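Working notes, beginning with the structure itself.
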Amino acid sequence: MGALLPYAYHKTVNQDFINQFDIHSFYDFDGISVDRAGLLEDPDEAFVERLRILSRAKERIVISSFAFKNDSCCMKLFSVILNAADNGVQVQILADGSTGFLDMQDSMLYKTLSAHKNIHIKIYNPINLLTPWTLNARMHDKYILVDDTYLILGGRNTSNYFLGRTNLNNLSYDRDVLVYNTDTDGPRGTDSVIHQVYDYFDSVWNYRYSKTFDSEISSKNKSQYEQMLETLNQTYEQLRKDSPDIFDEDSYDYVEHTVGTNKITLISNPIEAENKEPLLWYQLSELMKSAEYRVYIHTPYAVPSHAMYQTLELLSDNLEEYDILLNSVAVGDNFMASSDYYSAKYDLLKTGITIHEYQGDYSMHGKTVLIDDNISIIGSYNLDMRSTYMDTETMLVIHSERFNEIVTKAVKEMEQDSLVLSEDGTYIPDGQTEAVPLSKNKKRIFKITTKVFRLIRNML
């Protein structure tokens, strides 16, 4: 009850925030910003790009993720980070308390990293049964910052499930934005969104519920510690041997692999571990309301509140194109969200939005909103009540027609493996895509869980 009652009602946005909000602040029609942007759609590309920017670090690395694991992806990434720390780079790693409890607290990988003088690890809101009102407030952010030059922000957690293709039986499609600051040495470089993300990170890092990770290496664990150090160093050397181009700064031109933007802006939720005002959803809502003809929402799943349904319905009155792309319940990997959508999709249909249900080989995890032909919004926010009222979330609002064109193409390619829902909730055949069948067992379970989970729907 202590974990549930604080979220029995949903807060609204305070009037001061509403008064100072300016929709025009997300646009700049007068020129090109210092920030260039690239889309990381492929899981292999997303993994390689992380290795590449980490290898270029000279002064500072920040990596914040909802989930860190103990798999080959993390071993490779942290081998590069350890090498950077050995060369004087200051490293800060921030993890959510749930993954910190499940995957990090007894891991020699993270104990070894934290024992390094230049690597500091903190856990946001560690699991504490004595403060049950904080248990459901999680840090859902996913981003990497390197010096004042590079930023990767999106929906990918740090594990094999999202990065690379090490296990084709266990993979999820996702999306990141790469930001490249072209003017790090000049006065305009301070206008980069990278500095906004640093400020946001520092606020979470210094938050009273962000606790230092235990880095003590006991005498009985010293041999394991030394073995882990050796394994990380060997992993790094093998990476350099297998992929020398990743570590060659002259072999990759970020200007060629990115496009210009007019402006990039960070939007986020409050960081407090409590029932939150829906600040990020409010900003998304206002941006979508400003659309002249198109809003396209790409989200893994949809679990809107009553207030969110009202906003979605309001949008349908003024748009020529109004679509949402999400996982079918047969494909989605979030059991609770799929259970809710199994029956709640009819409420979503009533808003007037066109629903495309994804029928691909893997579950998709990307989060994107496209507005007209010049605004792309990408980050960690799902169209559900947890992302709206409970978790920390970060999204980048990118004003750029060229980047919008690139993202639209990626979303449309994924849409080709989807089917549109008719008003009665059945699929409209398109002659090309076949619906992934829902197993009989899953269908039986959903008929039960869709009713049970409605009792705690505001927590999903």
Side-chain angles (χ1 to χ4, degrees), residues 2-3 6-7 50 54 60-71 73-75 77-78 81-82 84-85 89-145 152-153 155-163 197-218 221 224-225 228 232 268-276 379-380 386-387 390-394:
Y7 300 93
R50 282 163 167 79
L54 289 170
R60 186 182 184 188
I61 291 172
V62 158
I63 177 168
S64 179
S65 181
F66 170 71
F68 290 103
K69 299 294 183 180
N70 288 275
D71 54 23
C73 160
C74 288
M75 288 295 295
L77 287 173
F78 286 120
I81 288 174
L82 179 65
V89 176
Q90 297 300 306
V91 179
Q92 293 168 283
I93 302 167
L94 183 61
D96 178 66
S98 59
T99 189
F101 176 76
L102 294 171
D103 299 307
M104 296 175 67
Q105 67 174 353
D106 296 322
S107 168
M108 186 50 63
L109 169 62
Y110 297 101
K111 286 183 179 293
T112 300
L113 293 169
S114 187
H116 196 288
K117 66 178 182 178
N118 291 331
I119 300 178
H120 308 280
I121 303 177
K122 280 191 174 183
I123 307 296
Y124 172 89
N125 188 23
I127 299 294
N128 184 354
L129 297 181
L130 297 179
T131 57
W133 53 89
T134 69
L135 290 177
N136 275 299
R138 308 281 26 121
M139 188 197 75
H140 199 236
D141 311 327
K142 304 102 187 279
Y143 54 86
I144 299 176
L145 291 154
I152 294 176
L153 185 149
R156 287 184 171 95
N157 293 304
T158 310
S159 72
N160 289 345
Y161 188 55
F162 297 98
L163 295 166
V197 181
Y198 268 126
D199 289 344
Y200 171 81
F201 169 80
D202 289 339
S203 70
V204 184
W205 181 264
N206 296 317
Y207 178 50
R208 61 190 179 94
Y209 277 177
S210 294
K211 306 298 183 181
T212 300
F213 180 76
D214 178 17
S215 61
E216 182 179 355
I217 305 295
S218 64
N221 290 332
Q224 291 178 282
Y225 163 73
M228 179 57 70
L232 286 167
S268 61
N269 259 349
I271 67 169
E272 289 74 22
E274 60 185 34
N275 190 353
K276 294 177 173 54
S380 66
R386 171 164 287 279
S387 282
M390 301 173 70
D391 294 347
T392 69
E393 304 286 354
T394 51

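Since the structure is predicted, the reported quantities are computational estimates derived from the model, not experimental observations. By convention here, the first residue in the shown sequence is residue 1.
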Sequence neighbours left out, what passes side chain to side chain donor-acceptor pair (under 3.5 Å) with Ser107? Give chain and number order.
-> Asn70

Salt bridge (charged side-chain N to carboxylate O under 4.0 Å, His left out) partners of Lys122, counting only residues at least two apart = none

Between the side chain of Lys211 and the main-chain N/O of Arg208, is any donor-acceptor distance below 3.5 Å?
-> yes

Sub-3.5 Å donor-acceptor pair from the side chain of Ser114 to the main-chain atoms of His120, do we have one?
-> no

Is the closest side-chain heavy-atom distance between Leu135 and Ile127 below 4.5 Å?
-> yes

Under 4.5 Å between any side-chain heavy atoms of Leu54 and Ile61, yes or no?
-> yes

Report yes or no: does Arg60 contribute a side-chain atom to a donor-acceptor pair with the main-chain N or O of Gln90 at less than 3.5 Å?
-> no

Compare every heavy atom of Ala273 with every heavy atom of Tyr207, then report the nearest pair and how far apart it is.
-> OH-N, 3.0 Å

Those residues at least two apart in sequence (or on a different chain) that pass side chain to side chain donor-acceptor pair (under 3.5 Å) with Asp214 are none

Got Leu109 and Leu232 here, is their nearest side-chain heavy-atom distance under 4.5 Å?
-> yes

Is the backbone of Cys74 close enough, under 3.5 Å, to the side chain of Asp71 for a donor and an acceptor to pair up by distance?
-> yes

With the side chain counted from C-beta on, respond yes when Tyr200 and Ser268 share a heavy-atom pair under 4.5 Å apart, and no when they do not.
-> yes

Within a radius of less than 6.0 Å around CZ of Phe101, do more than 12 heavy atoms belonging to other residues, nucleotides or ligands occur?
-> no

Those residues that, when tested against Thr131, pass side chain to side chain donor-acceptor pair (under 3.5 Å) (two or more places apart) | Thr134

Mind checking what makes salt bridge (charged side-chain N to carboxylate O under 4.0 Å, His left out) contact with Asp391, not counting sequence neighbours?
-> Arg386

Asn206 side chain to Asp202 backbone, donor-acceptor under 3.5 Å = yes

State whether the side chain of Thr158 and the backbone N or O of Phe68 hold a donor-acceptor pair below 3.5 Å, judged by distance alone.
-> no

Test side chain to side chain donor-acceptor pair (under 3.5 Å) applied to Tyr161 - qualifying residues, sequence neighbours left out = Asp333

Sidechain-backbone polar pair: Arg50 side chain, Leu163 backbone, donor-acceptor under 3.5 Å = no

Do Glu393 and Asn269 have a side chain donor and acceptor closer than 3.5 Å?
-> no

Counting distance only, does the side-chain N/O of Thr394 pair as donor-acceptor with the main-chain N or O of Asp141 below 3.5 Å?
-> no

Going by distance alone, is a donor N or O of one side chain under 3.5 Å from an acceptor N or O of the other, for Asp96 and Thr99?
-> no

Specify whether Phe213 and Tyr110 have parallel, tilted or perpendicular ring planes, treating 30° as the upper limit for parallel and 60° as the lower limit for perpendicular.
-> perpendicular

Residue pair Lys142 / Asn157, side-chain donor-acceptor N/O under 3.5 Å = yes

